[in-house]
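Here is the structure we will look at, set down as structure tokens.
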Amino acid sequence: MCLLFQLDKIKNVSISVDVLLFYLAYCHGGDFVFDDKILTLRRVHNTNTNVDRISDYEDWLTNLSKMSKRYKVDYLTFLNIFSRFKCEIADEYKKKIISHLEAMYLGWTITYSRLPNTKMNSH
């Protein structure tokens, strides 16, 4: 399936756009350049408490549940895209991509489901 038909799904990706671009490049046989040059001294992640200056447990929990839910949506979107997308790489490598995306989705689903403030909101 052509990627243009997936644009409605791609628009739903909120925080993992760099991951999507990596997999799209990989599926199209894109070249990768490995460089030891440090681009940043510190990578900022929204799930870290010190990024948002969160010191209160309830605020941290709310932030983590929100981010987990967003990651779940992104990885489910990737699975929908790549399970229907024609890659220019061998099927064995595409299967590895699908397996990795499934693992990431399941990991975020487990993280979200274990948070105490998400027991009433299972969506």
Side-chain angles (χ1 to χ4, degrees):
M1 177 175 275
C2 178
L3 189 60
L4 290 175
F5 294 112
Q6 303 291 328
L7 285 178
D8 61 324
K9 291 182 179 101
I10 291 172
K11 290 177 186 177
N12 292 331
V13 175
S14 63
I15 55 177
S16 301
V17 175
D18 55 339
V19 175
L20 175 64
L21 293 176
F22 171 82
Y23 283 119
L24 288 173
Y26 182 71
C27 276
H28 279 298
D31 292 329
F32 295 96
V33 177
F34 295 95
D35 191 348
D36 60 357
K37 181 179 177 185
I38 297 173
L39 299 177
T40 59
L41 293 177
R42 180 170 183 252
R43 183 156 183 194
V44 176
H45 296 274
N46 285 338
T47 52
N48 292 348
T49 57
N50 60 350
V51 171
D52 294 326
R53 305 286 186 244
I54 298 172
S55 59
D56 179 69
Y57 175 74
E58 291 298 322
D59 290 344
W60 171 80
L61 200 56
T62 300
N63 184 57
L64 184 58
S65 63
K66 178 181 75 170
M67 296 306 293
S68 298
K69 195 171 183 178
R70 290 173 69 190
Y71 277 116
K72 276 178 33 176
V73 170
D74 279 3
Y75 279 98
L76 186 59
T77 300
F78 296 164
L79 281 168
N80 286 330
I81 291 170
F82 287 100
S83 61
R84 294 174 178 84
F85 185 63
K86 174 72 174 138
C87 289
E88 296 175 14
I89 58 175
D91 281 345
E92 70 178 280
Y93 295 118
K94 183 176 179 183
K95 288 177 185 175
K96 287 181 181 183
I97 289 175
I98 298 295
S99 292
H100 173 73
L101 294 173
E102 288 171 339
M104 292 300 293
Y105 171 73
L106 291 173
W108 283 111
T109 300
I110 290 169
T111 297
Y112 183 79
S113 68
R114 289 183 173 173
L115 295 172
N117 67 335
T118 60
K119 298 301 181 231
M120 302 305 263
N121 275 340
S122 61
H123 294 30

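No hydrogens, no waters, no symmetry mates; every other heavy atom, side chains included, goes into these values.
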Start with the C-alpha distance between W60 and D56, add both sets of side-chain angles, then the distance that settles side-chain contact (heavy atoms from CB on, under 4.5 Å), and finish with yes or no.
CA-CA 6 Å; W60 171 80; D56 179 69; over 6 Å; no
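Between the SG atom of C27 and the NZ atom of K86 there is a distance of 10.0 Å, given to the nearest 0.5 Å. A distance of 13.0 Å separates NZ of K66 from CG of L61, quoted to the nearest 0.5 Å. Within the model, atoms NZ of K95 and SG of C87 stand 13.0 Å from one another, a figure rounded to the nearest 0.5 Å. The distance from the NZ atom of K69 to the CG atom of L64 is 13.5 Å, given to the nearest 0.5 Å. S83 OG to E102 CD: the interatomic distance, rounded to the nearest 0.5 Å, is 9.0 Å. With rounding to the nearest 0.5 angstrom, the OG atom of S65 is 6.0 Å from the OH atom of Y112.
Remark: the backbone N or O of E88 is not paired with any side-chain donor or acceptor of K94 at under 3.5 angstrom. With hydrogens and angles disregarded, a donor-acceptor distance shorter than 3.5 Å links the side chain of R84 to the backbone of N80.
Put simply, L101 and L106 are part of the same group of oily side chains (I, L, V, M, F, W, Y) that touch within less than 4.5 Å, one to the next. L21 and V73 are members of different hydrophobic clusters when ILVMFWY side chains are connected at heavy-atom separations under 4.5 Å. Hydrophobic clustering (ILVMFWY, side-chain heavy atoms < 4.5 Å, transitive): I110 and L115 are in distinct clusters.
Scored by the side-chain contact (heavy atoms from CB on, under 4.5 Å) test, T111 finds S68, W108 as partners (sequence neighbours excluded). Among residues two or more places apart in sequence or in another chain, the side-chain contact (heavy atoms from CB on, under 4.5 Å) test is passed with V13 by V17, L20, D74, T77, F78. Taking the side-chain contact (heavy atoms from CB on, under 4.5 Å) definition, one finds that Y26 meets it with F32, I89, Y93, I97, sequence neighbours left out.
The local environment of CG in D31 is sparse, with at most 12 non-hydrogen atoms from other residues, nucleotides or ligands closer than 6.0 Å.
Proximity of V19 to Y75: side-chain heavy atoms (C-beta onward) are separated by under 4.5 Å at one or more points.
Annotation for I15 and D18: closest pair O-OD1, 4.3 Å, computed over non-hydrogen atoms.
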